[in-house]
Amino acid sequence: MTSCQTQYLLMLLLSVGVSAVEVQRPRGVPLSKRQFYEEGKPFTCLDGSRTIPFDRVNDDYCDCKDGSDEPGTAACPNGSFHCTNAGFRPGFIPSSRINDGICDCCDTTDEYNSGAACQNTCRDLGRKERESLQKMAEITKEGFLLKQQLIQEAKRGLEEKKAKQADIQIGKKDLEARVEALRTVKETAEQPEKEAKERHLKAWEEQKAVIQMEKDKAKMAEVLSELDDDADGSVSVAELLSHSELDPDSDGSFTEAEAQGLLGGVDNVDSVAFESVWNNIKDKYASEANTETPAEVETTVEEVREPPSDNDSEQYPEEDIPEEEEEDDDEEDEEEDQEDGDYKQSPPPTQTPDKKEDDDEGTMPPFDQETQNLIDAAQKARDAFDEAERALREVDDQVKNLEKEISFDFGPNAEFAYLYSQCYELSTSEYIYRLCPFNRMSQKPKFGGSETNLGSWGHWSGPEDNIYSLMKYEHGTGCWQGPNRSTTIKLTCGKETVVISVSEPSRCEYLMEFISPAICQEPSSLDAALHGHEEL
Amino acid sequence: MAPVLVLWLAVFLSGTWAVDKGNFKTCDQSSFCKRQRALKPGESPYRALLETMELTNTRLTLQLINDNNKVRLLLELYRLQGNMTRVKINELKPLKPRYEVPDVLIREPPTEPLSLLSQDENGVVLSLGAESQRVILSARPFRLDIMEGRDVVMSLNSRGLLAFEHLRMRKDTSQADPEAEKKEEADPAAQPEAAKEEEKDEDGMWEETFKSHTDSKPNGPSAVSLDFSLPGVEHVYGIPEHADTLRLKTTENGDPYRLYNLDVFQYELYNPMALYGAVPVMLAHNAQRTTGVFWLNAAETWVDISSNTAGKTVFGKMLDYVQGSNETPQTDVRWISESGIIDVFIMLGPTPKDVFSQYASLTGTQAFPPLAAVGYHQCRWNYNDQEDVAAVDAGFDEHDIPYDYIWLDIEHTDGKRYFTWDPHKFATPKEMLQGLSDKKRKMVAIVDPHIKVDSNYKIHNEIRSRSFYIKNKDGGDYEGWCWPGSAGYPDFTRADMRDWWASMFAYNQYEGSMENLDTWNDMNEPSVFNGPEVTMHKDAMHGAWEHRDVHNIYGFYVQMATAEGLIQRSGGVERPFVLTRAFFAGSQRYGAVWTGDNAAEWEHLKISIPMCLSLGLVGISFCGADVGGFFKSPNTELLVRWYQTGAYQPFFRAHAHLDTPRREPWLFGPENTALIREAVRQRYTLLPYWYLQFYHAHRTGEPIMRPLWVEYPEDPATFALEDEFLIGRDLLVHPVTEEGARGVTAYLPGKDQVWFDVHTFQKHNGAQNLYIPVTMSSIPVFQRGGSIIPRKIRVRRSSSCMMQDPYTLYVALNLQRTAEGELYIDDGHTFNYEKEFIHRRLSFANNVLSSVNLAPEAQFSTGSWIERIVILGASKPSKVLLKTDDGQESQVEFDFDASMSVLTLRKPGMNAGADWNVMLQ
C-alpha cells in the first residue's frame with residue numbers, strides 16, 4: 001500500500017472519529033472558511049485560480065498555487081493549517097509543520113500521521129494564559145490608577161514650574177538692571193586705578209635702568225683689569241687672545257686678526273676705548289674666576305618618555321586578553337581620561353629654565369597710599385559686579401532648566417514626568433546598571449573600575465501606535481571597531497517603578513526591561529481580550 | 001593595560017582593515033626559502049650512480065651524488081596502481097632520520113611492476129606499464145622525464161633545481177662530539193670527506209630570528225627542493241589555501257605561494273600568502289591532459305611557478321602562431337620545503353576525474369557527512385546564553401526559515417576551558433540541547449586545541465600528568481598565549497594522545513554533551529598569539545621531531561582525533577560532523593573546512609568561489625565561507641547576495657564577529673527576510689541532490705563544487721572561470737557577487753548541449769555567454785539538459801523533518817531527448833549506509849522514464865514516494881502510463897505548459913525505492 005493510500009484511510013478513520021464533536025470540515029480548515037469546502041462539490045482554489053474535484057482537497061498533492069486545496073497536509077509549500085486548540089487559542093501553523101514529528105498545536109491535530117507522541121496541552125495552556133491575563137489585568141488596573149495620580153502630579157508639577165518660571169523672570173529683570181549699574185560703577189573706578197598703576201610702573205622702570213647701567217660699568221672695569229695682564233691700564237691683542245670664547249666666528253681658532261677686529265682695528269685699547277669693545281664682547285666673555293662650563297640643558301620631558309614597546313601580539317588587538325574584554329573597553333576609556341588629565345595638569349615643557357639669578361634689580365616698591373586707595377576702591381567695585389553677574393547666571397540656568405523640563409516630551413499626559421531627575425539601579429553578578437531616565441544610562445563594574453556610559457537620552461522609539469513603549473539612549477562610550485554604546489529601554493506596565501533586567505543582545509547594544517505604572521493602558525481593553533478567549 | 005591601549009589606538013587610528021604583512025615572513029625572511037630560491041636554473045650538480053641501481057618487481061632504487069659535496073642521496077621510484085608514479089629522495093645515510101609524513105596515506109599505495117626497457121651509460125628507460133608510458137632516467141646530470149608516446153608529460157630536475165641540504169654537524173661543536181667522530185671513522189661513506197666540505201655556513205642556517213623570535217635550529221639546514229616541468233601546460237591549479245584566483249599565477253615577480261598553516265588576522269585577497277591550511281597538491285591541465293603532483297611534506301613549503309607564456313599577450317601568442325614559433329607553452333614549478341624528504345606522487349591522469357580518483361586512492365575521500373550537516377548552519381561569536389539560543393531558534397520558526405545547526409563559539413565555555421560550559425550563561429546545556437532535539441535540530445560547540453594552564457582544570461591536569469603536551473626546546477611543556485591566556489598544546493601527532501582526546505568526547509566525560517552536539521576545531525594551525533607568525537616555535541618538540549617537521553599536519557591530527565571521538569561516543573554508529581580551520585592533505589576524511597576569518601566585503605564574497613573550488617580540486621569538498629563575512633558588518637544587499645551564494649556552496653554557515661551588530665536573517669526588514677528565506681529554502685529543496693553529491697564525493701573523490709573545466713576539459717573558455725561553478729555535473733551556478741548588479745553574464749558550456757533555467761525553465765544553448773538580467777531575488781542556476789535532479793519541495797524546519805517527504809523529479813531533456821540521474825537515500829546519520837541504502841539510476845529515453853536499482857545487494861526501505869515529475873523540454877503526450885514492479889499499469893494525470901515545453905506528471909505516487917517505468921505516449 002502506498003503511503004498516500006494509508007493517509008487517505010487514516011483521514012477517513014480520523015474524520016469519522018472526530019465528527020461527533022466537531023463541525024464536519026476538511027482537516028486544517030478554520031470554521032470561518034468552512035463554506036468554501038463543500039463536501040462533494042468541486043473546490044475552487046481560494047485565489048480563484050482553478051477548480052478541482054473535491055476528492056483532491058487534502059489528497060496530499062498541491063493543486064492550488066495558493067495552497068488552499070491542502071489545508072490539512074504538508075503538500076503545499078505555502079499552505080497553512082488551522083488548529084482549533086479547544087481550551088486555548090486557535091491558531092494557524094505553516095503546513096510544513098504537519099506530520100513533521102514535532103508537536104505544534106496544543107490539541108495535537110498537526111501530528112496525525114507522524115508517530116509523534118503528542119499530549120493535548122490546550123486546557124493547561126488555556127488555564128495558565130487566563131491566570132496570567134488575570135494577573136495582568138489586576139496589575140494593569142492598579143497601575144492605571146497610579147498612572148492617573150502621576151498625571152495629576154505632573155500637571156501640578158508643571159503648573160508649579162510655570163509659576164516659578166514667571167517669578168524668576170521678574171527677579172531676573174531686577175538682576176539685569178543691577179548688573180548694568182554695577183558695571184558702570186566698576187568701570188568708573190577702574191580708570192583712575194589704571195592710570196595710577198601705570199605712573200608707578202614707569203617710575204620704577206627708570207630707576208631700574210640707572211641701576212643696570214652702573215652695574216655694567218663696574219663689570220667692565222672688573223673685566224678690563226682681568227684682561228689687562230700686564231696692568232698697563234690698556235688691553236692688547238695678546239691679552240685678548242687668551243680668551244678663546246671670544247672667537248667671533250667660533251671656528252675654534254681665535255686669530256690675531258680676529259682679536260684686532262674686536263679691538264676696533266688697533267692693537268691696543270685704553271680704558272676709555274674699551275667701553276666700545278666691551279659692548280662687543282660682554283655676551284661671550286667668561287670670567288677667569290669662573291671657568292666651569294655652564295651646566296648642560298636639562299633633558300626634556302619628551303626624551304624621558306619611552307616609546308611604546310613593540311609587542312608581538314599586536315595583530316591581536318581585540319583578542320589580547322579575551323576574558324576581560326568587556327572590561328578592556330572600560331579601562332581604555334579610563335586610561336584615556338587619565339591621560340587627558342595628565343596633559344592638562346602638567347606644565348608645558350620648558351627648555352629655558354630661569355637662570356638670571358644675578359639679575360637682581362630688586363622688587364618693585366609698594367604702591368604709594370594714593371594709588372593703593374584707588375586700587376582698593378576698584379577691586380571692591382569689581383567684586384560687587386562679579387557677584388551680581390554670578391547671580392544672574394544662576395538665574396539664567398534655572399530658567400533654562402525649567403524651560404527644558406517644561407518642553408520635555410513626558411508622554412501624552414506627562415505621565416513619565418515623575419521619572420525626571422530620578423535614577424534606578426539594577427545589580428547583576430558583574431555590574432551595577434544605572435538608569436537616570438531622560439538623562440543617561442550607565443554601567444559600573446561591581447568590583448572596581450570606572451563607569452561606562454551606555455547612552456544619553458535620545459528619543460521615544462516605540463512603534464508608531466505605541467511610541468512611548470520604548471526609550472532610546474544613544475551615543476554612549478564607543479566600542480572598539482564597533483558602534484557607540486546604546487540602550488533600548490522596554491517599558492511594561494507594573495505597579496512599581498523598577499528595572500527588571502539588562503542584557504546585551506548585540507555587542508554594545510543594551511536592552512533594559514523597565515516597569516512603570518506610567519505605561520499602563522486602560523484596563524477595559526484587556527478585559528475584552530480575556531473574555532474573548534473564555535468564549536472558546 | 002597601557003600597551004594594550006596604545007596598540008588598540010594604533011590599530012583604530014590607522015583605520016585599515018588589512019592584514020599586517022609585517023607579521024608574516026616573506027621568502028627573503030625565511031632563510032631556507034631565500035637560500036633555495038637563490039639557486040638559479042642550470043646544470044644540476046646531481047648525478048645518478050647507475051651502478052648502484054637495483055630494480056625489483058615493484059621499485060627501482062639508485063644513488064644520486066652531488067658532485068659539489070659528494071653527499072649521496074637515495075632515489076626510490078615506484079609505479080603505483082592507477083597510473084601514478086612515486087619518487088622518493090632521501091639522504092642515503094642521514095646523520096639522523098629525516099621526517100617522513102605518516103597517517104596521510106590511507107595505506108601503503110599498491111605498486112605495479114616496473115620493467116627495464118633499455119639501459120646504457122647515459123641512463124635507463126623504464127616502462128610504466130600500459131599506455132606506452134616510459135620514464136627516462138638520465139644520469140649526468142640526473143633528471144627524470146615521463147613520456148607518453150613521443151610526448152614528454154612531465155620532467156623532474158630538468159632545470160637542475162634539485163637541492164637537498166644534508167644534515168651536518170655544527171662546525172663549532174662537531175669536535176666536541178666524539179660520538180659523531182667515531183661514526184664518521186667507522187663509516188666513511190656516510191659522510192663526505194671533510195676536505196671536500198666546501199659549503200660555507202650562511203646566515204640563518206643554524207639560527208634565525210624573525211621579529212623578536214629566535215629559532216634555535218639545532219639540526220641546522222635541512223631544506224629540500226625539486227623542480228617539475230610541464231610541457232604544453234598553461235594552467236595550473238590547487239595548492240590551497242590561498243586567497244587567490246582559481247588559476248594559479250606565476251610567481252617570478254613576487255613571492256612564491258606559501259604553504260604554512262597560519263592564523264592570519266584580516267587576510268588580504270589576491271596574494272600568495274599562507275593561510276590556515278595547506279594541501280601540497282597541484283593540478284596541471286590543458287585541453288589534452290590533466291596531471292597532478294602531490295608533494296608529501298608537512299614542513300613549511302614554498303611553490304614557485306613560472307611560465308614561458310606568462311608575459312605574452314594574446315597578440316604575442318598569435319604572432320608566435322603566425323610566425324610558426326615552435327616554442328611550446330610550458331609551465332615550470334618548483335617546490336621548496338624546510339625539512340623532511342622529497343616524496344612525490346605524480347598523478348598522470350589523463351582526465352581530471354582520473355586525477356581525482358588517483359589522489360583519492362592515496363589520501364582517501366570526503367567523509368560522508370550526516371544529512372543535517374548539509375543543511376543551513378546558524379553561527380555567531382557568540383550566542384550569549386541559553387535564552388539567546390532559544391530565542392534565535394524560535395526566530396527561525398517565527399520567520400519560517402529552516403536550519404539544522406546552531407553554533408556556540410568560545411564564549412560558551414567556562415573561561416575558555418574547552419569541554420566545559422559557562423556556569424551562568426549555559427547552566428543547563430542538556431536542557432538546551434534537548435530543546436533543540438525536540439525541534440529535530442542540532443548544535444555545534446567549539447573545542448580548540450589550546451588548553452588553559454590551570455591546575456583546577458581536569459583536561460589540563462590529565463594532559464600534563466600524561467606528558468601529552470608539546471615540549472619546548474628545553475624539554476618543558478610548551479606554553480603559548482591564546483584565548484584562555486597561558487595555554488598548552490597537546491601533541492596530536494601522538495596516537496596515544498589522540499586516543500585519549502577522543503575518549504574525552506564520551507558522554508560521561510564531556511559533561512552536558514548529547515547526541516545532537518557536534519564539534520568545531522578552530523585555532524588548530526596552531527594559533528599562538530605570542531609565537532612567531534602567530535604560531536608555534538619551530539624548535540618546539542613533538543617527541544623526537546621538531547615542530548618544524550610536522551607543522552602543517554598538526555591541524556589535520558586535531559580534526560582526526562575529534563572526529564574519532566565523536567564516532568566512539570556513539571559506539572561507532574553515528575557519522576561525526578567536525579569543522580576545522582587548519583587542514584592538510586587527507587583532511588577530507590574527517591569533515592568540513594571553512595575559509596577562516598573573512599570580511600563583510602564584496603571581494604570576499606567573490607573569492608569564496610575560487611577558494612572552495614581550489615579545495616575541491618585537492619579532495620576537500622566540504623568547503624564554505626562565512627556567510628555575511630566574519631569581520632565587519634555587511635550591508636543588506638551584500639548579506640542577501642551572500643546567502644544566495646552560500647546556499648549553493650557545500651558548507652553553508654552564517655557567522656559573525658563578536659563586535660558586529662546582530663544579523664540573524666530576519667533583522668533586515670520583511671523584504672530581505674523573504675529573500676534570505678527563499679535562498680535557504682532553495683538549499684533545502686535541493687538537499688537530495690546535495691546529499692547525492694556528497695555520496696559521490698565520498699565514493700570517488702571527485703569535487704562537489706567543481707570548476708567548469710573539470711566537466712569540459714577540452715574547452716579553453718572554461719579554464720579560468722571562477723565566478724561560476726558546477727555542483728556535481730548537472731547544476732551550473734553563477735551567483736550574483738557584484739554590488740548593484742543589474743545582470744550577470746554566465747558562460748554555458750558544451751556544444752550540442754542545452755541548459756534550463758531552474759526558476760523559469762527557459763532553455764538555453766550551450767557554448768555561449770548568456771546575459772541574465774537580475775533583481776535582488778535572482779540566483780542564476782541552470783540544470784544541464786540530459787540530467788535528472790531529485791528535489792524535496794516540501795521545505796520544513798530542518799533536514800530531518802523532511803526525511804520521509806516525497807520527491808519531485810526534474811527531468812531536463814537534452815537534444816537527444818534523453819536524461820539520466822540518480823537517487824540516493826539512507827538513514828541520514830549512521831554508518832549503516834555502508835550496507836543499508838537505496839541507490840537508483842533514473843533514466844529517460846524513448847519516452848520512458850525508469851528507475852533501476854544500482855545496489856541490489858543493499859537493504860533499505862523508505863516512506864518517501866514520487867509526488868511529481870517535471871519534464872523540461874518535453875512535448876505533449878496523449879497519455880502517460882505508470883508501470884510498477886508488480887506489473888500493474890495505471891494512468892497518470894499530467895499538465896503541459898506549451899510555452900515552456902514543461903510536462904508535469906501529477907502524483908504518480910510510487911515508492912522512491914521501487915522499480916518503475918513511466919511511459920509517455
Side-chain angles (χ1 to χ4, degrees), chain A residues 2-6 56 59-63 73-77 93-104 114 308-325 327-328 331-332 334-336 339 429-430 478-483 503-509, chain B residues 1-12 19-20 23 211-213 265-266 384 387-388 400 410 415-416 424 438-440 481 483-485 529-532 534 631-632 657-662 681 793-797 800-802 804-806 863-865 867-868 906-907 909-911:
Chain A
T2 65
S3 77
C4 51
Q5 284 168 327
T6 317
R56 295 201 172 169
D59 72 338
D60 207 16
Y61 185 88
C62 192
D63 292 290
T73 78
C76 293
I93 58 167
S95 61
S96 66
R97 293 180 195 169
I98 298 169
N99 290 329
D100 66 350
I102 300 161
C103 311
D104 290 286
S114 70
S309 68
D310 181 69
N311 185 312
D312 257 321
S313 53
E314 266 177 63
Q315 67 270 21
Y316 274 88
E318 95 287 23
E319 299 169 347
D320 243 357
I321 296 151
E323 267 211 270
E324 293 158 28
E325 229 160 6
E327 281 106 325
D328 279 351
E331 278 171 58
E332 179 194 348
E334 193 186 344
E335 216 94 27
E336 249 169 350
E339 268 191 19
S429 56
E430 280 174 278
C479 276
W480 187 75
Q481 291 197 346
S503 58
E504 190 183 357
S506 188
R507 193 88 171 130
C508 302
E509 291 175 12
Chain B
M1 282 285 75
V4 175
L5 168 71
V6 169
L7 69 90
W8 278 31
L9 285 179
V11 170
F12 191 72
V19 62
D20 183 355
N23 285 325
K211 301 194 90 180
S212 60
H213 299 283
F265 182 66
Q266 292 171 349
N384 298 329
E387 292 74 56
D388 198 2
D400 200 18
I410 51 174
K416 317 296 181 310
H424 304 292
D438 290 345
K439 296 253 196 87
K440 302 198 177 180
W481 196 264
W483 296 128
F529 292 166
N530 58 346
V534 204
F631 291 113
K632 303 177 79 177
H657 189 278
L658 183 71
D659 285 327
T660 59
R662 295 289 281 239
R681 288 175 71 103
I793 60 164
R794 305 182 178 190
V795 175
R796 302 195 190 242
R797 247 186 290 233
S800 63
C801 292
M802 296 164 64
Q804 302 298 324
D805 279 340
S864 293
W865 47 287
E867 70 168 328
R868 189 183 292 101
R906 185 188 189 279
K907 208 181 175 191
M910 55 286 198
N911 185 282

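Because the structure is a prediction, the values reported are computed rather than measured. Below, each value reflects all heavy atoms present in this structure, side chains not excepted, and no hydrogens, waters or symmetry copies. Sequence lines set the chain letters: A, B, ... in the order given, protein chains first and strands last, and positions in each chain run from 1.
With a 4.5 angstrom heavy-atom cutoff, B:Arg681 touches chain A only via side-chain atoms. In this structure, the portions of B:Arg796 lying under 4.5 Å from any heavy atom of chain A include both its backbone and its side chain. Contacts between A:Cys103 and chain B at a heavy-atom distance below 4.5 Å are absent for every atom of the residue. A:Pro94 touches chain B through its side chain: at least one heavy atom from C-beta onward sits under 4.5 Å away, while N, CA, C and O do not. Using a 4.5 Å cut-off between heavy atoms, B:Ser800 does not touch chain A at all. Only the backbone of B:Asp438 comes within less than 4.5 Å of a heavy atom in chain A; its side chain stays farther off.
Remark: B:Asp400 CG to A:Ser96 OG distance equals 5.0 Å, nearest 0.5 Å. Annotation: the span from B:Asn384 atom CG to A:Ser506 atom OG amounts to 8.5 Å, rounded to 0.5 Å. A distance of 4.0 Å separates CZ of B:Arg906 from CZ of A:Arg56, quoted to the nearest 0.5 Å.
Shown here are the side chain to side chain donor-acceptor pair (under 3.5 Å) partners of B:Lys439, two or more places apart in sequence or in another chain: B:Asp393, B:Asp397. For B:Arg868, the side chain to side chain donor-acceptor pair (under 3.5 Å) criterion is met by A:Tyr61, B:Thr808, not counting sequence neighbours.
Chain B forms more heavy-atom pairs under 4.5 Å with one residue of A:Pro77, A:Cys62, A:Ser95, A:Ala74 than with any other, namely A:Ala74.
In this structure, the side chains of A:Ile102 and B:Cys801 come closer than 4.5 Å at one or more pairs of heavy atoms.
A salt bridge between A:Asp60 and B:Arg794 is present, with a side-chain N of the basic residue lying under 4.0 Å from a carboxylate O of the acidic one. A salt bridge between A:Asp100 and B:Lys440 is absent, with no side-chain N of the basic residue lying under 4.0 Å from a carboxylate O of the acidic one.
Between B:Pro661 and A:Glu509, the shortest heavy-atom contact is CB-OE2, 4.2 Å.
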